[in-house]
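Working notes for the structure below.
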Amino acid sequence: MQDNLIIYNTLSRTKEKFTPIIPGRVGLYVCGPTVYSDVHLGNCRTFISFDLIYRYLLFLGFKVRYVRNITDAGHLEGDRDEGDDKFAKKAKLEQLEPMEIVQKYTVGFHDVMRAVNALPPSIEPTATGHICEQIEMIKIIIEKGYAYVKNGTVYFDVEKYNKEFLYGQLTNRKLDELLEGTRELSGQDEKNGRLDFALWIAAKPETLMKWPSPWGYGFPGWHIECSAMSSKYLGEAFDIHGGGMDLQATHHTNEIAQSQACNHKAPVNYWMHTNMLTMNGVRMAKSAGNGFTPGELFSGDHPLLDKGYSPMAVRFFMMQTHYRSTLDFSNEALQASEKGFARLMASIKRLDNLKTSSTSTSNIKELEQDCINAMNDDFNSPILIAKLFECSRIINSVNDEKETITADDLVILKKLMHDFAFDVMGLKSEISNSSSDKALQGVMEVILEIRKDVKAKKDFAASDKLRDYLNKIKITIKDTKDGATWSIQE
RNA sequence: GGUCCUGUGGCCGAGUGGCUAGGCUGAGCUCUGCAAAAGCUCCUACUGCGGUUCGAAUCCGCACGGGACCUCCA
């Protein structure tokens with residue numbers, strides 16, 4: 001069952017058979033958010049994509065150690081390797097301690113992840129919690145000759161590294177090409193090479209977040225945290241490293257360089273990159289003014305949104321596109337997903353009331369295999385969803401007594417729908433069980449009972465009046481041959 | 001400018017060289033007191049021009065369009 005998984009590896013730019021280092025176990029590292037502001041929808045897409053991947057690995061029976069970091073220090077605003085980091089800047093703006101910024105947005109991030117039903121990672125390490133590990137790693141890189149110190153700042157020597165290793169392998173680029181695209185060093189720059197990047201950055205008097213180090217007070221560069229934390233928890237070489245495609249060229253390239261310089265071995269076997277989320281064809285970003293927060297998306301409180309969309313509709317919407325394709329956001333597309341999701345959930349609810357027969361008109365086992373094949377092929381959730389809709393059609397047809405299913409097949413079908421819709425795709429029915437909802441259920445039962453009575457007396461004016469009144473307060477009544485059902489309109 | 005991805009029916013979105021994904025929308029039918037739901041049927045596409053092939057949405061070339069990265073970014 002674990003032998004047929006195919007993963008697209010950025011390193012080779014091809015789909016490869018997945019073979020873990022230790023059979024039955026997977027080490028998975030994903031670059032998490034930098035918590036200096038609200039996560040936006042694009043960030044969420046990456047984490048939802050990897051949640052699907054994590055869930056499917058678990059479904060296949062792998063023991064997965066899933067590490068996703070929180071960047072809470074050392075992420076600079078520009079490429080100058082100087083000045084304040086993003087947290088300090090925001091802290092000054094909001095007149096808070098940098099760690100208050102970190103706390104505020106970490107909590108917000110977790111709230112959103114919970115709303116979209118993303119499983120928490122096994123370990124969620126922070127950069128500030130691993131300063132020692134980062135310093136140790138930098139020391140080794142210096143000892144091995146791939147870094148140099150200038151006025152308390154430590155730089156990684158890319159050209160030196162490239163003589164022994166391939167620096168641009170993740171983007172299939174040669175060093176000369178990279179150098180061409182880089183701007184000239186300015187007079188103030190203390191780096192030796194244009195591509196060199198900081199491992200440790202010397203603190204200035206006004207720097208808020210700083211730690212002692214062999215090179216004086218300072219803070220870590222952005223890339224070193226991932227190298228230090230991934231090797232600490234997953235080993236010097238591990239199975240899968242993921243992140244957004246925008247991290248590929250710089251962050252991940254530098255991560256490989258650091259780890260390789262330190263340990264002299266390739267840190268990761270499979271690199272996975274998720275594609276961007278766009279709004280009307282343009283990448284969603286705060287600077288473009290076309291972004292909104294998940295909270296705004298759920299409430300609909302934003303000029304670009306026609307209405308609010310439930311977290312599960314959003315999750316379903318994202319799963320309808322493969323993780324390596326760009327996903328274009330629009331109200332129309334999201335509303336289509338919302339309806340499709342409701343239809344899928346409605347059919348799953350019908351599963352419990354299906355009548356079985358001595359024969360099946362559909363090949364359920366084949367469908368089950370189709371679902372597995374879809375996910376084995378580089379986590380192809382759009383095809384999986386197409387197959388689940390096929391299951392929906394079968395369920396509805398059996399429910400209408402136009403098709404039949406055996407008791408054995410029904411067991412398989414139930415398991416299939418629950419496994420893939422809930423466990424693998426992480427969807428969940430959005431009906432809550434709060435006490436007020438239970439009271440509402442009771443009231444509705446009474447109303448439907450009364451309506452049933454007047455309908456029996458053919459008093460359709462009265463029954464329609466009940467239905468119309470309920471419809472005005474967004475409750476829909478449907479008469480089926482097994483009695484009436486009700487639901488709340490979104 | 002460089003590296004790379006991409007162009008599918010009204011919309012979204014899969015796609016292994018041949019056996020018409022799927023969802024949403026629209027039309028018709030069945031069911032139904034009506035409505036809704038559900039099912040069935042229909043709308044059968046692949047940017048353009050060449051090439052390879054018995055056969056291409058799928059491979060190759062060119063053109064045009066869109067996007068990403070090369071600067072912080074999931």
Side-chain angles (χ1 to χ4, degrees), chain A residues 13 30-34 36-37 39-50 75-80 85-86 168 171-174 176-183 195 222 242-251 253 273-278 281-287 316-317 320-322 324-341 343-344 346-347 350 370 374 377 380-390 392-403 455 458-461 463-464 467-468 471 476-481 484-485 487:
Chain A
R13 282 166 300 283
V30 173
C31 289
T34 303
Y36 69 100
S37 66
V39 284
H40 70 83
L41 208 59
N43 295 296
C44 292
R45 185 188 179 198
T46 293
F47 303 128
I48 289 173
S49 294
F50 280 105
H75 203 152
L76 293 169
E77 277 291 333
D79 64 336
R80 303 303 312 264
D85 63 36
K86 291 188 171 181
T171 44
N172 193 29
R173 307 197 62 188
K174 297 196 168 63
D176 310 345
E177 297 167 358
L178 286 166
L179 283 166
E180 277 174 28
T182 317
R183 72 190 70 163
L195 291 169
W222 175 36
M245 261 179 195
D246 48 355
L247 299 181
Q248 186 180 327
T250 307
H251 183 56
T253 291
H273 290 98
T274 57
N275 216 137
M276 300 292 106
L277 179 75
T278 60
V282 181
R283 179 178 160 192
M284 193 176 281
K286 278 173 199 139
S287 54
F316 185 75
F317 167 68
Q320 277 189 305
T321 304
H322 186 84
R324 280 192 289 114
S325 300
T326 52
L327 170 61
D328 194 49
F329 181 94
S330 68
N331 281 285
E332 205 183 358
L334 205 33
Q335 279 162 29
S337 292
E338 196 175 43
K339 288 184 184 174
F341 172 64
R343 212 163 73 82
L344 188 68
S347 69
R350 291 193 184 103
D370 286 347
D377 184 12
N380 198 324
S381 53
I383 289 185
L384 172 64
I385 288 173
K387 294 297 169 189
L388 293 186
F389 273 115
E390 208 166 309
S392 279
R393 190 191 56 75
I394 292 165
I395 293 166
N396 293 333
S397 291
V398 172
N399 189 240
D400 286 356
E401 295 178 12
K402 284 173 180 156
E403 291 194 32
K455 275 185 76 178
K458 304 263 182 203
D459 185 356
F460 296 123
S463 72
D464 287 354
R467 189 170 63 192
D468 291 345
N471 198 44
T476 305
I477 301 295
K478 291 173 197 165
D479 292 314
T480 71
K481 55 180 181 296
T485 63
S487 58

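Every chain is numbered from 1, with letters handed out A, B, ... down the list of sequences.
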Between B:rU6 and B:rG13 - C1' atom distance, rounded Å
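Looking at atom C1' only, B:rG13 and B:rU6 are 14 Å apart.
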I would like to know whether A:S347 and A:R343 meet side chain to side chain contact (heavy atoms under 4.5 Å, CB included); could you show each step before the answer?
CA-CA 6 Å; A:S347 69; A:R343 212 163 73 82; over 6 Å; no
Taking only side-chain nitrogens and oxygens of [X], does any of them come within less than 4.0 Å of OP1 or OP2 of [N]?
X	N	answer
A:K339	B:rU25	yes
A:N43	B:rA74	yes
A:R343	B:rG39	yes
A:S325	B:rA14	yes
A:R393	B:rC40	yes
A:N399	B:rG39	no

In whole angstroms, how far is the [atom2] atom of [N] from the [atom1] atom of [X]?
X	N	atom1	atom2	answer
A:R324	B:rU6	CZ	C1'	13 Å
A:N471	B:rA37	CG	P	12 Å
A:E332	B:rG10	CD	P	13 Å
A:R467	B:rC34	CZ	C1'	6 Å
A:Q320	B:rG13	CD	C1'	8 Å
A:M245	B:rC5	CE	C1'	8 Å
A:I385	B:rC12	CD1	P	17 Å
A:M276	B:rC70	CE	P	11 Å

Remember a base hit wins even if backbone is also touched, and classify [X] as base, sugar-phosphate or nothing at under 4.0 Å, heavy atoms.
X	answer
A:T274	nothing
A:L388	nothing
A:S463	base
A:G42	base
A:I477	base
A:D246	base
A:K387	nothing
A:H322	sugar-phosphate

Is A:F460 stacked on the base of B:rG33 when the test is centres under 5.5 angstrom and planes under 30 degrees?
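Taking the rule of under 5.5 Å and under 30°, the ring of A:F460 does stack on B:rG33.
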Quick check on RNA chain B: between A:K458 and A:R45, whose nearest nucleotide comes earlier from the 5' end?
A:K458
[X], nearest nucleotide to its side chain (from [options]):
X	options	result
A:F47	B:rG13, B:rA14, B:rA74	B:rA74
A:A249	B:rC34, B:rC70, B:rG23	B:rC70
A:N396	B:rG22, B:rA38, B:rA37	B:rA38
A:N380	B:rG22, B:rG23, B:rA14	B:rA14
A:T250	B:rG33, B:rC70, B:rA74	B:rC70
A:A336	B:rG33, B:rG39, B:rG23	B:rG23
A:T34	B:rG23, B:rA74, B:rG15	B:rA74

For A:Q248, does its backbone N or O pair with a side-chain atom of A:T253 as donor and acceptor, under 3.5 Å?
yes
How far apart are the C-alpha atoms of A:T326 and A:L277, what are their side-chain angles, what is the distance that settles it, and do they pass the side chain to side chain contact (heavy atoms under 4.5 Å, CB included) test?
CA-CA 6 Å; A:T326 52; A:L277 179 75; over 6 Å; no
Checking side chain to side chain contact (heavy atoms under 4.5 Å, CB included) between A:T321 and each of A:L327, A:I385, A:D328, which is the one that passes?
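Testing A:T321 for a side chain to side chain contact (heavy atoms under 4.5 Å, CB included) against A:L327, A:I385, A:D328 leaves exactly one candidate, A:L327.
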Give me the atom names and distance for the closest heavy-atom approach of A:H322 to A:P382.
N-CG, 3.4 Å
Nearest heavy-atom pair of A:S463 and A:K455: which atoms, and what distance?
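Residues A:S463 and A:K455, closest heavy atoms: CB-CG, 3.5 Å.
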Should A:M276 and A:D246 be marked as a side chain to side chain contact (heavy atoms under 4.5 Å, CB included) after you check the CA-CA gap, both sets of side-chain angles, and the distance that decides it?
CA-CA 8 Å; A:M276 300 292 106; A:D246 48 355; 3.6 Å; yes
Evaluate the ring planes of A:F317 and A:F329, with Trp represented by its six-membered ring, and classify them as parallel (under 30°), tilted (30 to 60°) or perpendicular (over 60°).
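A:F317 and A:F329: perpendicular rings.
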Name all stems that contain residues of RNA chain B, defined as runs of 3 or more consecutive Watson-Crick or G-U wobble pairs, both distances under 3.5 Å.
B:1-7 with B:64-70, B:10-12 with B:22-24, B:26-30 with B:38-42, B:47-51 with B:59-63
When you look at A:R467 and A:D479, which way does the side chain to side chain contact (heavy atoms under 4.5 Å, CB included) test go after all the steps?
CA-CA 10 Å; A:R467 189 170 63 192; A:D479 292 314; 3.7 Å; yes
Gap between atom CD of A:Q335 and atom NZ of A:K339 - 0.5 Å precision
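Those atoms lie 7.0 Å apart.
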